[in-house]
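Input: a single structure, listed below in structure tokens.
Every chain is numbered from 1, with letters handed out A, B, ... down the list of sequences.
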Amino acid sequence: MSDIKVDAVLDITNEVCPMTFVKTKLKLETLETGQHLEVILNDGEPLRNVPRSLKEEGHRIVGTKKDGTKFHLIVEKGM
Amino acid sequence: MKFTEEQIMRYSRHIILKEIGGKGQDKICKAKVFIMGAGGLGSPAALYLAAAGVGTIGIADDDVVDLSNLQRQVLHATSDVGKAKVFSAEDTLSAINPNVRLIAYKERVTSENVREIIRDYDIVLDGSDNFPTRYLINDACFFAKKTLISGSILRFDGQATVFKPHAGGPCYRCLYPEIPPAGFVPSCSEAGILGPVAGTIGVLQATEALKEVLGIGDQLIGRLSVFDALNSTFREVKIRKDPDCELCGDKASITHLVDYAQAPCAIRI
């Protein structure tokens, strides 16, 4: 995932459901289709649910990297 | 518009919805809705629109809160009896959502002031309780090209529809061409109403107002939704634009606003 240019970064490790998704969604709204957002999130519930909700809204998960107890998700904004 | 943390939290359940998101909530926060009447229909409609974050809500009512209102006019509390309805409404709504700008019109809406009042709003929600006001609001909305969200209730029944003649739909006069003669309007003593029926229809109106703001879904244009509480059914009646409508038809004869007289003991719900 290192070859993907990231256009914005968002840390939602201090958020709980559903604010994790709400914050991610609002951040994605500031980007253009095809741009990439790096989301830093916790393992467990956020890692299970945030990617799923993003896919349901037409975005793509193009990379995931484990970083200790956290994960870095690269999301490509859909239409 | 940049949301504050408080707003993100407050509106999160809207923002989550694919059809709304931050952009849709921003439209809601910038919307201006005028509500005619702080009574049975205006109360639930205003509560939900304020909670939704509608940027500006105007409410007109020249009445004061009466004890007999409280069974269905949920904006008002027992301690508000005797107070102007618009000020009671303002207190309740600002307590629910301080982000909303509220404009209270403690006056009778007439052919003299209606144009001036509705001019600054995008949408008009009619929660009035009498025919003269309904016709006045309908005609004023037609002339000003404002979307009108109409609702009415009596006993166990209610109905709601959206009038948008400027987008090709019918107007109130296409449905009811003439104001009914005094003898055909139920009198005060016949005008019972099951409280939650007001809530059902008022909330339906609020829903249609938000759909109009957001530009989503299939609006109740050309369709009258008729609620029957005793049978727990909603049915739909098609309303066609009347080519002979005196207001919005091809040979319309109504060219200015009219103040009709209200019979002394006609229904006021």
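Between E29(A) and G22(B), the shortest heavy-atom contact is OE2-N, 2.7 Å. For K18(B) against E57(A), the heavy-atom pair with the smallest separation is CA-OE2, 3.3 Å.
By the neighbour-count criterion of 12 heavy atoms within 6.0 Å, atom CZ of R10(B) is densely surrounded, having more than that number from other residues, nucleotides or ligands. Within 6.0 Å of NZ on K66(A) lie more than 12 heavy atoms contributed by other residues, nucleotides or ligands. More than 12 heavy atoms of other residues, nucleotides or ligands lie within 6.0 Å of CD in E6(B), so this atom counts as buried by the packing criterion. F71(A) CZ: more than 12 foreign heavy atoms inside a 6.0 Å radius. Within a 6.0 Å radius of NZ in K241(B), more than 12 heavy atoms belonging to other residues, nucleotides or ligands are found.
A side-chain donor-acceptor contact under 3.5 Å links K25(A) to the backbone of I16(B).
For E19(B), no part lies under 4.5 angstrom from a heavy atom of chain A. Residue contact with chain A, scored on non-hydrogen atoms closer than 4.5 Å, is absent for Y11(B).
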